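Accompanying notes for the structure given below.
Protein chains get the first letters and strands the later ones, always in sequence-line order, with residue 1 at the start of each. Here the structure is a predicted model, which is why all the values come from computation and not from measurement.
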Amino acid sequence: MSDDADLLADLTPDQRAAVMHGEGPLLILAGAGSGKTRVITRRVAYLLRAGVRAHNILAITFTNKAAGEMKNRVEKLAPGNRVWVSTFHSLGARLLRQYAERLGFDRNFTIYDTDDRNKLVKDALEAAGIDNVKFTPERIAGAISKAKNQLVTPPQYERTATDFFQKTVAAVYPRYEKRLRSANAMDFDDLLYLPAMALKQNEELRAELDSRFRYIMIDEYQDTNSAQYQIVKQLSINNPNVCVVGDPDQSIYKWRGSDIKIILDFERDFPNARTITLAQNYRSTKSIIRAASVLIDHNKQRKKKDLVTDNPQGEPVNVITFDNGLDEAEGVVVRIKEAVKAGTFKYRDHAIFMRINALTRSLESAFVKHGVPFQIVKGLAFFERKENRDVLAYLRLLTNPHDGVSFLRVVNAPARGIGKVSLDKLQSFAASQEIGLLAAAGQIAKITEIKGKAATGLRDFHRLMTDLRSKMDQPPHELVRLVLDKSGYEAMLRDSTDEEDADRLANVSELVTAAKQFWDEDNSRTITDFLEQITLASDTDGWDEQADHVSVMTLHASKGLEFPAVYILAVEQGLLPHERSLANDEEIEEERRLCFVGMTRAMKELYLCHARMREFRGQLNYCIVSQFIQELPRDVRFIDPSMARNVARTAADEWRVKSSAAAKDWADTGLRPLIPPASRKPNPGLKPTIPDAPDTGLAVGVLVQHEEFGIGNVAEVSGFGALRKVRVRFAAHGVKLFVGDKIKLKVIVRKKAEE
DNA sequence: TAACGACGGGTTTTT
DNA sequence: CCCGTCGTTA
């Protein structure tokens, strides 16, 4: 045991118990900042040193980046051991490829992202002649995704579908699946759904993998969904050595199908489970822990849990009020710059979080203006660019000739004289022959309806792809080069007079570099691996934590990270909590957890910012401070850098007073005294005009129509703008509550003119 | 078939 | 405000 001293010496008794736990299920309830990553890593190393073969250990992390880090740490603690560490999705992809023959799949399948998926649903919708319905492909795709995450098959879905929307989905779901299979493609959900189904239905395979993965470790278990849970469960029947780590207070992916009940039910699901709670926080100051704890305690659906720390008290948590969104961006950047100048922190010690990506724009210009280095953590953005997606589509079509979505994307890029009409004809030919689009293009001579330029174009395209396919043994970056060159895509960009095309050219060249780097890291990796990594990459995967810059990201992306100083922007009602969650208590609680996650990333300093006005969608809106700020303990420090020039404040207060009772509640924030409107001087220089409540025609007794729920009777109306609440009684769906100013209710019978 | 203009519509969070 | 989609025209 003494040679394990380095693994155990610096751990607390609870952590040590978790690391040394032998066989049997183990639940680690790990509060924020309680060192859970360290515990998992040490546990893996401990098992290895105890003689467990690396081959028998599986560790699941939430992002690929986290997986890579864990691999490195394990390698340091127990050199020479190659433990399988990956995300659920990567695991699924790997299993599906590895067991492709046994499961009846082609191992070269393409992984479709959300965009591709939506296109395919749209196709299926049109082919089925259901395109006259007003449900968007996105919405239907979302419903299918949800079904798959709960392991609901198309027939099962059809059996339980009741309303019109569900019946529509039930009609599309099997057709969509058929299209996916014939394109030899998997969507994100398939990577969980198919392995889960295979494990349930194929006992031989299940037993084989169960004994192979004798020890399983899962991080962020509070955010697993049913499909993921089934995978874990099936792999832990003969060898129930499953160790899950999570924190119910940090569950923030319910909207994506994750189910907090899975972690809460762990002890019941896995008999004889041991539970270890890690409540000691090693990350943050007492002030930060207190503020976060008081906030999260407002959640009703919660097992009370105290987070404690021996760290110093630290500075109070700050709430900063800005005049507007631009001031906020500017103010935060300047503060960071000053902290660096004063030597308190480096740039890389700072992070800025926000609820929605759209808020990064104003920050970007503030950073540039003040010469402050920053990185917006959104790794996918580069590969999401049109030009890069085009080039990647060529590569996907090369690895998988059945991939129809990719075919349609590139067949006429650059232009080859192939228009929609010809493609429609090609598609019906392909369907009648039950072959892929590329194969159909190869038989262009047989399709008499297509002639002239289009026929030549398709023939050329097919030749191009055949030619490129013969070069598939080249390393990934060479193949990208060849695609750029032979397809004429690069030439098209080079010869263009459009300035933007110069950028695009640079981007596709950058793609070659990315492929080269990928191959240099490990030159056994193929183009398929490259494409898979890109599709399954998470936002944080591209984040460079070494470089000295301020990190900017969404609250969701901040999970699992920590920074000495954290700023959370736009802590305003409607943004955090987001307006889409306002109608539902459960969703508000998830928003509160999201806020909690953001706050607990901070080690030393925490700033919650909000503005009085914010430009959104080209329009200036007044904002109301978030209820979460109201819920903080009273010893937080309020900062108002704009007290001197009160233009916005006056206008905002006036607006609040003028608007409804609900808004007035929010106006009385206690952050500063409200000046009675009468005692104020008129302010002629004021830019934004104070809006009157728009007449929506919504009033008690009015008949309205909703696209999903049908016709209903308005029972109650209150509030204004984003805070408006409308309660409607529907004939078929009972009473529904709508919140916000984007309610999809059409007034069909107005109230009789006022007498 | 391609290029151009008008239009409407939509923006939470992500593997 | 920006995007993509749709419809018209050359």
Expressed as a whole number of angstroms, how long is the span from [X]:[atom1] to [N]:[atom2]?
X: A:Glu615; N: C:dC2; atom1: CD; atom2: P; answer: 10 Å
X: A:Tyr112; N: B:dT15; atom1: OH; atom2: C1'; answer: 18 Å
X: A:Asp115; N: C:dC3; atom1: CG; atom2: P; answer: 15 Å
X: A:Asn584; N: B:dT12; atom1: CG; atom2: P; answer: 17 Å
X: A:Ile356; N: B:dT14; atom1: CD1; atom2: C1'; answer: 15 Å
X: A:Arg416; N: B:dA2; atom1: CZ; atom2: P; answer: 12 Å
X: A:Ile568; N: B:dT13; atom1: CD1; atom2: C1'; answer: 15 Å
X: A:Lys146; N: B:dT15; atom1: NZ; atom2: C1'; answer: 18 Å

#### Entry: Residue whose nearest DNA chain B nucleotide is more 5′ - A:Asn412 or A:Asn64
A:Asn412
### Nearest-nucleotide 5' precedence on DNA chain B, A:Ala454 against A:His556
A:Ala454
### Query
Looking at B:dT13, does its base get a donor-acceptor pair with the side chain of A:Arg355 below 3.5 Å?
yes
### Task
Test for a donor-acceptor pair under 3.5 Å between the base of B:dT15 and the side chain of A:Thr114, counting only N and O atoms.
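Donor-acceptor pair under 3.5 Å: yes.
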### Query
Looking at B:dT13, B:dT15, B:dT1, which one has an atom nearest to any side-chain atom of A:Trp255?
B:dT13
### Task
Classify the ring geometry between A:Phe62 and A:Tyr253 as parallel (under 30°), tilted (30 to 60°) or perpendicular (over 60°).
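Taking A:Tyr253 first and then A:Phe62, their aromatic rings sit tilted (interplane angle of 30° to 60°).
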### Query
Is it true that the NZ or CZ of A:Arg525 lies under 6.0 Å from the centre of A:Phe518's six-membered ring and within 45 degrees of the ring axis?
yes
### Message
Can you confirm if the NZ or CZ of A:Arg139 lies within 45° of the ring axis of A:Phe165 and under 6.0 Å from the centre of its six-membered ring?
### Response
yes
### ring centroid sep under 5.5 Å plus plane angle under 30, A:Tyr253 with B:dT13
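No, A:Tyr253 does not stack on the base of B:dT13.
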### Stacked pair A:His89-B:dT15, distance under 5.5 Å, angle under 30°
no
### Query
Do the side-chain N and O atoms of A:Glu220 and A:Gln222 include a donor-acceptor pair separated by under 3.5 angstrom?
yes
### Query
Between A:Trp255 and A:His556, does the ring centre distance come in under 6.0 Å?
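Yes, they do, as the ring centres are separated by less than 6.0 Å.
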#### Entry: 4.5 Å side-chain heavy-atom contact, A:Thr110 and A:Val405
no
Is any side-chain nitrogen or oxygen of [X] closer than 4.0 Å to OP1 or OP2 of [N]?
X: A:Ser422; N: B:dT1; answer: yes
X: A:Asn357; N: B:dT14; answer: yes
X: A:Thr554; N: B:dT14; answer: yes
X: A:Asn149; N: B:dT15; answer: no

### Task
Mind running side-chain hydrogen bond (donor to acceptor under 3.5 Å, both in side chains) on A:Tyr229 and A:Asp259 for me, showing each step along the way?
CA-CA 10 Å; A:Tyr229 164 76; A:Asp259 186 353; over 6 Å; no
### Query
Which range-with-range stems can be found for DNA chain B when each stem has 3 or more Watson-Crick or G-U pairs in a row and both distances sit under 3.5 Å?
B:1-9 with C:2-10
### Task
Compare every heavy atom of A:Ile418 with every heavy atom of A:Asn412, then report the nearest pair and how far apart it is.
ND2-O, 3.0 Å
